[in-house]
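Following: one structure in structure tokens, then a few remarks.
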Amino acid sequence: MIRKYRFGNPFNTEAVVQDLPVEEGAPAFLVIEKGDENGAVITYSMDESTRVYGLGENVRGINKRGYKYISNNTDDPNHQEDTRSMYGSHNFLLIEGQERFGLFIDYPSIITFDIGYERCNTLEISCDHMDLDLYIITGETALDIVKQFRVMIGRSYIAPKFAFGFGQSRWGYRTDEHFREVARLHRENHIPMDMVYMDIEYMEAFKDFTVNPEAFPDFPALVQDLKEDNIRLIPIIDAGVKIEEGYDVYEEGVEKGYFCKRKDGSNFVATVWPGETHMPDFLNKDARKWFGMKYKVLLDAGIEGFWNDMNEPALFHTPERLAELREILDKYPDGFDLADYDSPEIGLQKAINAIANNPEDYKLFYHNVDGEMVNHAEVHNLFGYNMTRAAGEAFEELKPDQRVLMFSRSSYTGAHRYGGIWQGDNKSWWSHVLMNLQMLPSLNMNGFLYTGADIGGFLSDTTRDLVLRWLALGVFTPLMRNHSCDGTRLQEFYRFEGPEDFRSVISARYRLIPYIYSEYMKAALKDEMMFKPLAFVYPEDEVAVDVEDQMMLGNEVMIAPIYKQNAMGRFVYLPEDMMLVKFLADGSIYTEEMAQGIHYIKVALNEVPLFIRKGCCIPVAEKAECVADINTENLTVLGFEGASYEMYEDDGVSKDYDLEKYIRVISK
Ligand code: GLC
């Protein structure tokens with residue numbers, strides 16, 4: 001049962017697709033009060049046993065209790081335990097205690113979720129304006145509540161099947177030869193691969209929808225040549241459009257008035273990778289359509305997928321903020337010594353740091369929403385969502401019968417209908433492997449099924465064992481991409497000693513694609529989660545509800561990745577009898593039935609473990625080096641005798657999804 005309550009005059013975010021009546025009276029469970037000025041403060045009294053799930057993209061555990069999180073889309077690559085805001089805002093909570101309910105707050109600006117941080121037993125949600133829609137969802141189980149929420153926000157984006165293969169990425173590939181080399185070295189080393197990602201260097205001076213003609217003398221030929229080898233190129237598109245006379249996207253945007261404006265009507269300027277840029281007004285539906293149609297030039301060159309970036313939007317600085325900084329610097333014409341530099345009165349260091357992503361800059365520009373000028377700060381969290389939507393809506397028009405790969409960095413609930421997200425700029429840290437795992441169920445609750453993290457870590461220098469262990473988690477995430485930052489240690493798998501170890505781990509992914517793809521499709525088409533916390537599946541098991549480093553994958557499998565350096569194995573809790581499956585380096589598969597309880601399992605760096613639930617089975621294909629080569633006629637069925645499995649198999653390209661037509665039952 002979903003009840004919708006309205007306070008004030010909320011902005012229509014279009015996060016929700018169901019048309020629900022607005023209830024009279026006060027919502028159950030919560031106390032809602034006016035905060036300072038026109039603010040809202042929503043509180044709920046938690047009992048000792050209450051667990052709180054959700055909030056999509058955020059740091060820390062699966063149970064979010066005990067910390068304070070802020071929905072405020074932010075380009076901050078330092079994902080630490082004290083990070084309060086990441087790139088997306090997903091204001092859905094699931095509360096499980098003596099009372100059980102889901103709570104979605106549809107509010108497009110900064111909103112704080114204090115989940116027992118100031119006061120241990122109080123959940124306090126606060127924002128500056130009492131203009132919001134609030135939804136209370138009740139149901140028999142956590143999974144039932146999530147499902148109702150997912151139906152309410154609309155079906156999740158479905159990626160083409162090739163996008164379930166492995167993708168290699170690095171900020172630093174610059175030329176036609178680079179891309180051919182990456183493709184060739186993967187094929188020569190027999191490391192399976194389906195995609196090579198193109199970061200900003202492919203463009204001409206970082207201008208969206210251009211390809212550097214010197215570095216790529218015949219871009220369509222490159223796209224075609226790689227495609228013949230079943231490798232797709234996936235270019236990045238950034239939010240900011242470079243200001244440059246003669247650049248058609250810039251000139252058209254200015255002429256049509258499709259960029260975000262300052263109060264005086266001039267176009268807002270911000271510096272990002274291309275230098276000074278204008279920000280397309282993605283909240284203006286005409287501008288959105290215009291920008292979306294620009295993807296055509298790359299689709300026409302044979303491209304079948306994209307990633308959208310810098311769309312929080314990230315602002316390195318604006319002329320306004322630079323002027324402010326200059327004023328401070330002018331006070332010290334002869335420079336400053338270290339004492340001055342650190343002095344809190346002068347705040348020089350603070351001033352320098354504050355020029356990027358400054359909240360004051362978000363107040364400087366406006367969107368044209370159906371003729372009304374809306375200040376960006378009021379709708380900040382919707383920018384990336386509407387950039388993804390620009391692309392998604394255009395793809396519907398440009399490629400009505402073909403799925404196009406799309407995922408974004410920034411998002412809000414609703415964006416899940418148009419694309420996936422990656423988990424942003426992480427680091428080559430062991431703790432980020434665990435973070436990758438723990439974020440999966442909360443993203444799934446919010447409809448983001450096509451997701452994964454930069455395997456190996458984006459920033460800082462990685463290590464061989466970290467890449468292997470991370471990869472052994474990545475083999476289960478729909479988006480499986482190795483991505484790293486220019487200047488860091490090279491981390492293509494063939495850069496390390498013993499590439500055969502990487503080959504054997506990644507081979508497990510290709511063997512599991514019939515299962516992973518089926519579970520993805522079922523989750524999308526039934527509005528369910530693909531990755532579930534053990535607590536949702538075994539709610540009566542008091543050990544299982546506390547497990548935060550294992551995850552249910554689909555309806556048959558549990559995973560337990562290793563996320564500690566030098567560990568030869570790990571303890572795993574089995575909430576019921578299960579079958580341990582290990583993909584071994586020699587290509588064979590080890591299986592062992594294990595009783596409910598705690599087990600120590602040994603896992604070598606080149607192995608991939610998983611567990612099959614009692615009474616279940618899963619399909620496993622032979623090895624393949626690309627998705628197109630997976631043979632689903634010749635499957636091994638692993639699991640318990642007498643079990644059967646509904647495998648979903650379609651062409652992976654067209655959009656006539658159908659849970660009956662494409663199901664094939666296989667049995668053990
Ligand atoms: C941002 C992206 C990262 C990309 C870089 C350069 O930091 O998050 O993935 O490599 O920009 O485009």
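Numbering starts at 1 and runs along the sequence shown. In each ligand, atom 1 is the first atom listed, and ligand 1 is the first ligand listed.
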Where is the nearest protein heavy atom to atom 6 (C) of ligand 1: which residue, which atom, and how far?
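The answer is D199 OD1, 3.2 Å.
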Which residue owns the protein heavy atom closest to atom 5 (C) of ligand 1, what's the atom, and how far is it?
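Going atom by atom, the protein heavy atom closest to atom 5 (C) of ligand 1 ends up being W171 CE3, 3.8 Å.
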Please check: side-chain N/O of [X] versus main-chain N/O of [Y], any donor-acceptor pairing under 3.5 Å?
X	Y	result
R150	N444	yes
Y87	D425	yes
N446	S442	yes

Parallel, tilted or perpendicular: which fits the ring planes of H367 and H376, with parallel below 30° and perpendicular above 60°?
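Plane angle between 30° and 60°, so tilted.
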With N73 as reference, evaluate S411, S89, S85 under the side-chain hydrogen bond (donor to acceptor under 3.5 Å, both in side chains) test and give the passing residue.
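With N73 as partner, side-chain hydrogen bond (donor to acceptor under 3.5 Å, both in side chains) holds for just one option, S89.
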Is it the side chain, the backbone, both or neither of I236 that has a heavy atom closer than 4.0 Å to ligand 1?
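The side chain, only.
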Ligand 1-proximal atoms of Y197, by part, heavy-atom distance under 4.0 Å:
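Neither; no heavy atom under 4.0 Å.
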Please tell me if the side chains of W429 and Q80 come closer than 4.5 Å, counting only heavy atoms from C-beta onward.
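With C-beta onward as the side chain, the pair touches.
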Check whether any N or O atom of [X], backbone or side chain, sits under 3.5 Å from an N or O atom of ligand 1, and answer yes or no.
X	result
D309	yes
R481	no
D425	yes
W307	no

Would you mind listing which atoms of ligand 1 come within a distance below 4.0 Å of any non-hydrogen atom of [X]?
X	answer
H483	3 (C), 4 (C), 9 (O), 10 (O)
W422	8 (O), 9 (O)
R409	1 (C), 2 (C), 7 (O), 8 (O)
F458	3 (C), 4 (C), 9 (O), 10 (O)

Electrostatic pair R481-D454, nearest N-O below 4.0 angstrom
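Here R481 pairs with D454 in a salt bridge, since their nearest N and O are under 4.0 Å apart.
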Do other residues, nucleotides or ligands put more than 12 heavy atoms under 6.0 Å from the NZ atom of K227?
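Atom NZ in K227 is packed in, count exceeds 12.
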